[in-house]
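Take a look at the structure below.
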Amino acid sequence: MLDLGFIRDNKEALLTGLKTKNFKEEDLHIVDKVIELDDQRKSLQTTLDAQKAESNQLSKEIGDLFKTGKQAEAQSLKDKVAGLKIGIKEGESSLQTIKENLEELLLALPNMPHPSVPPGNSEEDNEVFKDWGEDLPDLGESAKPHWELATKYNLFDLQLGAKISGAGFPLYRGKGAKLQRALINFFLDEAEKAGYEEIIPPLLVNEDSARGTGQLPDKEGQMYHATADDLYLIPTAEVPITNIHRGEILDEAQFPIKLCGYTPCFRREAGSYGAHVRGLNRVHQFDKIEIVRIEHPEKSYAALDEMLAHVESLLKKLELPYRILRLCGGDISFASALTFDFEIYSAAQKRWLEVSSVSNFETFQSNRMKLRFKDANKKKHLAHTLNGSALALARIVAGLLENNQTEDGIVIPKALQPYTRFEIIN
RNA sequence: GGAGGAGUGGCAGAGCUGGUUUAAUGCACCGGUCUUGAAAACCGACGUACCUUAACGGGUACCGGGGGUUCGAAUCCCUCCUCCUCCGCCA
């Protein structure tokens, strides 16, 4: 959620930013409407406060009159206050309505994109920020996609998952399961080395948390909802971990806050079916290690660079061909100011698979969460929040299986062998 | 799931038979006096949000959340949430 003060002070820049983000032309008037409603709110508040001040004053006098036994005078004042109260009640009711409308409009405005975000409408327009410098691996026509390799080596079973739950819920087994566990431990250890505190968060979150990071109301249909208890299955560890500090006023000295956590992630992925979603390419449940940072506004972009370097180091250690994209205005998420995606090359499918998304949300999430900090002068400011996948497992597994297939079996990268405790899957 | 108890400012903790509470008091934190320096002692300041003001300041709301009674609610009523104790169930 954008800050009202910011909107008032930067209206033109915001309108330009919203256009970059492909915000609907016909909805741009929301910005003016927000300012208008805020004006109404202020003016009504002023009137209302004055009325309440008078009512409070009279009530005190009534108390004094009762004590001194002047019943008749007290009664006449009581009537006067009763009249005042009618107006106050009406005023409070309209103020409430204005505030609700204002809040609704503010929630409808996406974050303003960083100046470096390229214009564009779709993923086609994303900027290749760092390309894979070498030749892409060519495994020839005999290369098998990961779902065929899985069957050959008995690594995971989608049909069994479908029998137990439904399509898109993979069941891993044998060395496939061990590979998952090895990757989780590897990623967590690497995050720890980079200074992130490990968190095991709840996997179901309440409405406040989902709103705090921006999943509600924008992406309601994408989360599984346990309606009996009104809890949401997390689509990413970003939600519970970022919300750890919701509603807090931090001390500046607490920065940087660096957290990481492994969780399964649940996504309904409603409506996405087709040729590109086979195997592990797109599933309803997958495992992910997430890194989250809460930062001083002046240091958040340096933090973003660090996070990119961290994710890049993981892919290097796994010896996977990768590239980094800077997402264009049309592809960047509602809440993000700047996002870099990491993609690995799947040599058997001959396509790039997204395995990480690293974003700076600036104050967008923290304003929703009222996550602030005090500076040296004890002034309060909104903090910046960032997060990134480091990394998302299902597609990493797909890439590893495909790229490392040989006639003898699937070779495990050296960095991962201490974790799998086997060097080859055959 | 059942019964009972409790949620007050960073922490502890009064108030809870409604009106000198503009929330006592202690601790912590901050500023000052004293001191070579520190401690102690003493003095002062010390919550959040919003409105208003050029500023000093003034005002409104907030005692877990929401609603109600009343001229007036931390205090009474309803409801929800959370925590504690006991019972039941359970990995």
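So you know, we letter chains A, B, ... as the sequences are listed, proteins then strands, and number each from 1. Everything numeric here is computed off the predicted structure, so don't read it as measured data.
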Nearest-Å distance, [atom1] ([X]) to [atom2] ([N])?
X         : N       : atom1 : atom2 : value
Leu4(A)   : rA49(B) : CG    : P     : 15 Å
Asn206(A) : rC80(B) : CG    : C1'   : 14 Å
Ile98(A)  : rC50(B) : CD1   : P     : 17 Å
Glu207(A) : rC81(B) : CD    : P     : 14 Å
Lys374(A) : rG47(B) : NZ    : P     : 9 Å
Asp38(A)  : rC51(B) : CG    : C1'   : 11 Å
Arg372(A) : rG47(B) : CZ    : P     : 15 Å

Query - Where RNA chain B forms stems, i.e. three or more consecutive Watson-Crick or G-U pairs with both distances under 3.5 Å - result: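 Counting only runs of 3 or more consecutive pairs, the stems involving RNA chain B are B:1-7 with B:81-87, B:10-12 with B:25-27, B:30-33 with B:41-44, B:47-52 with B:57-62, B:64-68 with B:76-80.
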
Report task. Starting from the 5' end of RNA chain B, give me the residue, Asp79(A) or Ile249(A), whose nearest nucleotide shows up first. Result ->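 That would be Ile249(A).
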
Considering residues at least two apart in sequence or located in another chain, which fulfil the side chain to side chain donor-acceptor pair (under 3.5 Å) criterion with [X]?
X         : value
Asn111(A) : none
Glu312(A) : Lys130(A), Tyr322(A)
Gln180(A) : Asp287(A)

Under 4.0 angstrom, heavy atoms only, what part of the nucleic acid is [X] near: base, sugar-phosphate, or nothing?
X         : value
Lys85(A)  : sugar-phosphate
Ile62(A)  : base
Lys380(A) : sugar-phosphate

Query raised in the report: Which parts of nucleotides 55-63 of chain B does protein reach within less than 4.0 Å, heavy atoms only, written one letter per nucleotide 5' to 3' as B for base, S for sugar-phosphate only and - for none?
Result: ----BSS--

Query raised in the report: Residues two or more places apart in sequence or in another chain: which of them pass side chain to side chain contact (heavy atoms under 4.5 Å, CB included) with Glu104(A)?
Result: none

Check: [X] ring centre within less than 6.0 Å of [Y] ring centre:
X         : Y         : result
Phe361(A) : His384(A) : no
His284(A) : Phe266(A) : no
Phe129(A) : Phe340(A) : yes

Query - Nucleotide of rG68(B), rG72(B), rU52(B) approaching Ser59(A) most closely (side-chain heavy atoms) - result: rG72(B)

Query - Residue Arg41(A), side-chain atoms from C-beta onward, closest of rU69(B), rC71(B), rC50(B) - result: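 Closest nucleotide among those given: rC50(B).
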
Query raised in the report: Step by step, would you call Arg395(A) with Glu343(A) a salt bridge (charged side-chain N to carboxylate O under 4.0 Å, His left out)?
Result: CA-CA 10 Å; Arg395(A) 292 180 190 156; Glu343(A) 295 185 334; over 6 Å; no

Query raised in the report: Rounding to the closest angstrom, what is the interatomic distance between rU53(B) and rU48(B) at atom P?
Result: 22 Å

Requested in this report: Side-chain contact test, heavy atoms from C-beta onward, threshold under 4.5 Å: evaluate it for Leu386(A) versus Ser359(A) and give yes or no.
Outcome: no

